[in-house]
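A short worksheet on the structure shown next.
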There are 2 protein chains.
Amino acid sequence: MEEKEISQAVVARLPRYFRYLGELRDQGVERISSGDLSVLMGVTASQIRQDFNNFGGFGQQGYGYNVDYLYHEIGHILGLDEEHQLVIIGAGNLGQALANYVNFEKRGFLVKGVFDVNEQLVGRQLRGLEIMHIDRLDSFMKEHKIDIAVLTVPKEGAIETAKRLADCGVKAILNFAHVDLNVPEGVQVENVHLSDSLMKLSYNIHRYENALGGEKTD
Amino acid sequence: MEEKEISQAVVARLPRYFRYLGELRDQGVERISSGDLSVLMGVTASQIRQDFNNFGGFGQQGYGYNVDYLYHEIGHILGLDEEHQLVIIGAGNLGQALANYVNFEKRGFLVKGVFDVNEQLVGRQLRGLEIMHIDRLDSFMKEHKIDIAVLTVPKEGAIETAKRLADCGVKAILNFAHVDLNVPEGVQVENVHLSDSLMKLSYNIHRYENALGGEKTD
DNA sequence: CTTTATTTTAACGGGTTATTATAATAAAAG
DNA sequence: CTTTTATTATAATAACCCGTTAAAATAAAG
């Protein structure tokens, strides 16, 4: 029962494998080789085999990988065979949009509570949930077993709120605030910094245009 | 005038440098050493120096880096001294939330148009912009110089829409749809796959919990 | 002249890719 | 129908490369 540490580079690729395998499965594909999958996904076959092998031999020589089996295995590795309870902190535009995002539920990520400081928002209904005042967070967290908090508050209060969430025992934070959270080790954080993404696009647009200008003959 | 290719790993770090330098600047900090910045940001000083050096010597031995100068240099490298014109494709919850997101404008990312297929949404006002029917996309793109498209449509139509955007000459796409777009080379794509992020959190939650269980003495 | 701190160059390591070894499937032959 | 042979494709191992970190050389500040 040895457990070697899986690199985050591999973990980051798992959801994409999961997505492709799900599609293949829906199309009734029973089995697939790393070679065929590599063409489909635009990565090397070597990487695919190496990635899957991190978790044990899911494939069979001469046969390939059983799509349905592999799909469920990866789902299990990702913990998608268990439900996850979420809260959304910040019921502004983004928070509301996420609360209404149906696809999360399909994967077992269930929004159980929505909070905000704004008295104007408190009490409103959002997809069957009443927006609660942030003051009720601590007691709510005591009553419910919440795994993940989605943080969609302005950056000013984000660090403070994240600390509070950590104190309440939340295990992970999906952070949309444009600051680095400082939470105790063991609390997982995923940052979604949209302006960073736009900046990367901006850089790459200019890079590509400049590359065209000074293009070499090949 | 030699241009060596900058790795995307470095590019991905630039927005964070930019953010920290901006904060230091606002606090009136004039200069900073790679060592101090490394402590602040939680990365190695070596990496910081190596990163900045990719773009030429911004610092000075014995002095460090001038915060204001470096801030503007990185802004320039990222192309933030120029305005970028955006369109948002998909005026659902997420599209509306992003259209209302003020912070983009502060960095020079200006939303110029919002589109949707839904006749119910077309005509509504969104932050001074009238939501247009997607049929008007092509003509709109001809009249305006749009750099970036934000794609917030359901995954079913995303690939098709992305192709259309590419044909209209859009240079980059910020993709929120949960599919891989297949656009011609030269069109930059940044994916924001929120469910992937949740899956990574799910994996890391379980990994951490299991690690606690089978902890070794150290 | 000493200290600070970058620049430049070199070493290291992890992740990706390629190769070799192995095993199962599928086909062909007896 | 069984046995043999060729083919397919993973598992395991090795090589490679890029990104990161460290060290040495250099230059400015105090």
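Naming: A, B, ... by sequence-line order, numbering from 1 per chain.
- Note on B:F52: nothing from the nucleic acid sits closer than 4.0 angstrom, heavy atoms only.
- For B:R16, the salt bridge (charged side-chain N to carboxylate O under 4.0 Å, His left out) partners are A:D180, not counting sequence neighbours.
- Phosphate proximity of D:dA28 to B:Y65: absent, as no side-chain N or O sits under 4.0 Å from OP1 or OP2.
- With the nearest nucleotide of DNA chain C identified for both B:I32 and A:Q60, B:I32 has the one nearer the 5' end.
- Sorted by first then second residue, the salt bridge (charged side-chain N to carboxylate O under 4.0 Å, His left out) pairs that include residues 41-66 of chain A, not counting sequence neighbours, are A:R13-A:D51.
- The side-chain tip of A:R31 does not point at the ring of A:Y65 from less than 6.0 angstrom away and within 45° of straight on.
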Quiz: residues 160-175 of chain B side-chain donor-acceptor pairs under 3.5 angstrom, not counting sequence neighbours:
residue, atom, partner, partner atom, Å
B:T161, OG1, B:G157, O, 2.7
B:R164, NE, B:D138, OD1, 3.3
B:R164, NH2, B:I134, O, 3.0
B:R164, NH2, B:D138, OD1, 3.1
B:K171, NZ, A:E209, OE2, 3.0
B:K171, NZ, B:D147, OD1, 3.4
B:N175, OD1, B:A177, N, 2.9
B:N175, ND2, B:A177, O, 3.2
B:N175, ND2, B:V179, O, 3.1
B:N175, ND2, B:N191, OD1, 2.8

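- When the P atom of D:dA11 is taken as reference, atom CZ of A:F55 falls 14 Å away, rounded to whole Å.
- The C1' atoms of five pairs define one axis at each end of the helix from C:dC1-D:dG30 to C:dG30-D:dC1, and these two axes lie 0° apart (to 10°).
- Considering only residues two or more places apart in sequence or on other chains, A:E30 meets the salt bridge (charged side-chain N to carboxylate O under 4.0 Å, His left out) condition with none of them.
- As a whole-Å value, the separation of B:D36 CG from C:dA5 C1' is 10 Å.
- Here salt bridge (charged side-chain N to carboxylate O under 4.0 Å, His left out) pairs that include residues 186-206 of chain B, with residues two or more places apart or in two chains, are A:E190-B:K200, A:K200-B:E190.
- Whole-Å rounding puts the B:F58 CZ to C:dA5 C1' distance at 17 Å.
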Assign a letter to each nucleotide of nucleotides 8-16 of chain C from its 5' end: B, base within under 4.0 Å of a protein heavy atom; S, sugar-phosphate only; -, no contact.
BBB----SS
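- Between B:Y69 and B:F58, the ring-plane angle classifies as perpendicular under the 30° and 60° cut-offs.
- Under the rule for a ring pair (Phe, Tyr, Trp, His ring centres under 6.0 Å), the partners of B:H144 that lie at least two apart in sequence or sit in another chain are B:F140.
- Every pair passing ring-ring contact (aromatic ring centres under 6.0 Å, His included) that includes a residue from residues 162-181 of chain B is listed here, sequence neighbours excluded: B:H178-B:H193.
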Let me have the donor-acceptor pairs involving side chains of residues 70-79 of chain A, under 3.5 Å, with sequence neighbours excluded, atom names and distances please.
residue, atom, partner, partner atom, Å
A:Y71, OH, A:R107, NH2, 3.3
A:H72, ND1, A:D68, O, 3.0
A:H76, ND1, A:D81, OD2, 2.5

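- In this view, A:R127 and A:E105 satisfy the salt bridge (charged side-chain N to carboxylate O under 4.0 Å, His left out) rule, not counting sequence neighbours.
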N/O-N/O pairs, protein side and nucleotides 3-8 of chain D side, under 3.5 Å:
none

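- Rounded to whole Å, atom C1' of C:dT25 lies 15 Å from atom CD of A:E30.
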